[in-house]
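For reference, the structure is listed below as structure tokens.
Predicted, not measured: the structure shown is a model, and the values here were computed from it. Residue numbering restarts at 1 for every chain, and letters A, B, ... go by the order of the sequence lines.
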Number of protein chains: 2
Amino acid sequence: MANAFEVLAEPRRRQILDLLRGGELPVGELVHRVGLTQPAVSKHLRVLREAGLVEVRQDAQRRLYRLRPGPLAEIDSWLAPYRLLWEQGFDSLAQHLSTMPDEQTGAEQ
Amino acid sequence: MANAFEVLAEPRRRQILDLLRGGELPVGELVHRVGLTQPAVSKHLRVLREAGLVEVRQDAQRRLYRLRPGPLAEIDSWLAPYRLLWEQGFDSLAQHLSTMPDEQTGAEQ
DNA sequence: ACTTTATATTTCTAATTGGTTATATAGCTA
DNA sequence: TAGCTATATAACCAATTAGAAATATAAAGT
């Protein structure tokens, strides 16, 4: 339903993913670390789950959430052509230089 | 006001940036290509401008918009630690293998 | 069975947002 | 100056959303 871009627009969801980079965590622990109410965290987890960014595993009453970085590749690949630009120091001013004869390829800033 | 993540959550704004990768364009041209009304496009352009993702230049009555990829670096750097994960074929199942002795480093899928 | 623990879901609300229509602004042209 | 062109802004609306509080579910412990 939601793609990775929309999901990551929410800072708390990025925070949750960051926390899960360290390994799987139960909901309660996430609640404690992000400082939201439990329902709020569960809601974010559902969004993350539906986007395929996390996975759950049950352990008694607890649910252990685990990171699934796969869908982030979509963002990465959208970003790819832009990465070239800023890596070359390409930004605003530099852009119209590309249409010039070509003497020095030196980056401006 | 808005960071790059929030700005990119909107597909039309990503589309506008994609169009500007080909060089600067006047608003009218963007309106034509994205198929929204002019005010809608101007609104998106304002958001992009305020996020530092585009820049305007005036040419008579027209405003030429130009890409400024710089702020996308924020996203790229947030993404960096995750990129390692999926590039290694790391996803869900593979994650708990990291805590194992270490024999074969072969990717699963 | 009852209680506690852990989590999900429901309901509600306030705020935000993408879009439209209408209007303003400003440069150009006749 | 009047009118046209290009764009921005304002006013408004419907839909979405993050969060809180309340409730449901379910597994464990007693």
Side-chain angles (χ1 to χ4, degrees), chain A residues 1-20 22-68 71 78 92, chain B residues 1-20 23-68 71 75 78 92:
Chain A
M1 215 184 172
N3 70 9
F5 284 101
E6 295 165 30
V7 172
L8 294 189
E10 238 298 313
R12 306 308 186 107
R13 287 196 286 260
R14 293 198 300 276
Q15 188 186 356
I16 289 174
L17 293 181
D18 286 339
L19 289 170
L20 293 179
E24 64 182 9
L25 290 173
V27 177
E29 186 60 30
L30 290 169
V31 167
H32 178 245
R33 300 211 201 167
V34 307
L36 284 179
T37 61
Q38 176 265 310
V41 171
S42 279
K43 239 173 159 186
H44 284 307
L45 286 171
R46 192 217 252 261
V47 173
L48 289 165
R49 219 187 316 137
E50 286 175 348
L53 282 161
V54 300
E55 205 177 39
V56 214
R57 177 170 76 87
Q58 188 156 1
D59 168 46
Q61 311 106 313
R62 300 189 310 168
R63 307 294 177 98
L64 299 178
Y65 280 82
R66 176 189 302 181
L67 183 65
R68 292 201 53 181
W78 181 85
S92 56
Chain B
M1 216 183 171
N3 69 10
F5 284 99
E6 294 164 32
V7 171
L8 294 188
E10 239 297 312
R12 305 307 187 109
R13 286 196 287 259
R14 293 198 298 276
Q15 187 186 357
I16 289 174
L17 293 181
D18 286 339
L19 289 169
L20 293 179
E24 62 182 10
L25 290 173
V27 177
E29 187 59 31
L30 290 169
V31 167
H32 178 246
R33 301 210 199 168
V34 309
L36 284 180
T37 61
Q38 174 264 311
V41 171
S42 280
K43 240 173 157 185
H44 284 307
L45 286 172
R46 192 220 253 260
V47 174
L48 288 166
R49 219 185 318 136
E50 287 175 348
L53 282 161
V54 299
E55 205 178 40
V56 214
R57 177 169 76 88
Q58 187 155 1
D59 169 46
Q61 312 104 313
R62 300 188 309 167
R63 308 294 178 98
L64 300 178
Y65 279 82
R66 176 189 301 182
L67 182 65
R68 293 200 52 179
I75 293 180
W78 181 85
S92 57

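The distance from atom CG of A:Leu45 to atom P of D:dA18 is 13 Å, rounded to the nearest whole Å. Rounded to whole Å, atom C1' of C:dG27 lies 11 Å from atom CG of B:Asp59. Between the CZ atom of A:Arg46 and the C1' atom of C:dT9 there is a distance of 8 Å, given to the nearest Å. Atom P of nucleotide D:dT17 and atom CD of A:Glu50 are separated by 11 Å, given to the nearest angstrom. If you take CZ of A:Arg12 and P of D:dT17, they are 18 Å apart, rounded to a whole angstrom. Nucleotide D:dA6 holds its P atom 13 Å from the CZ atom of B:Arg63, rounded to whole Å. Straight-line distance from the CG atom of B:Leu25 to the C1' atom of D:dT7: 15 Å, rounded to whole Å. Here the P atom of nucleotide C:dA8 and the CG atom of A:Leu48 are 12 Å apart, to the nearest Å.
Neither OP1 nor OP2 of C:dT17 sits under 4.0 Å from any side-chain N or O of B:His44. Phosphate proximity of D:dA18 to A:Arg13: present, with a side-chain N or O under 4.0 Å from OP1 or OP2. A sub-4.0 Å separation between OP1 or OP2 of C:dA6 and a side-chain N or O of A:Tyr65 is absent. At the phosphate of D:dA20, OP1 or OP2 sits under 4.0 Å from a side-chain N or O atom of A:Thr37.
Within the 4.5 Å cutoff, the side chain of A:His44 has heavy atoms near those of the A:Leu36 side chain. With a 4.5 Å cut-off on side-chain heavy atoms, B:Asp59 and B:Pro26 do not count as touching.
One distance of note links CH2 of B:Trp78 with CG of A:Leu17; it measures 5.0 Å at 0.5 Å rounding. Annotation: the span from A:Glu24 atom CD to A:Leu67 atom CG amounts to 11.5 Å, rounded to 0.5 Å.
Each of D:dT5, C:dG18, D:dA20 was ranked by its minimum atom distance to the side chain of A:Ala40; first place goes to D:dA20. For A:Gln61, the side-chain atoms get nearest to D:dA28 when compared with the rest of D:dA28, D:dT7, D:dA18. When distances run from any side-chain atom of A:Ala60 to the nucleotides C:dG18, D:dA27, C:dT9, the shortest one goes to D:dA27.
In terms of polar N and O atoms assigned as donor or acceptor, the side chain of A:Gln38 comes within less than 3.5 Å of the base of C:dA8 in a complementary pairing.
At least one donor-acceptor pair under 3.5 Å links the side chain of A:Arg14 to the backbone N or O of A:Leu8.
Where A:Arg62 and A:Lys43 meet DNA chain C, the nucleotide closest to each residue was compared, and A:Arg62 sits on the side nearer the 5' end.
Nucleic acid contact class of A:Pro26 (heavy atoms, under 4.0 Å, all strands): sugar-phosphate only.
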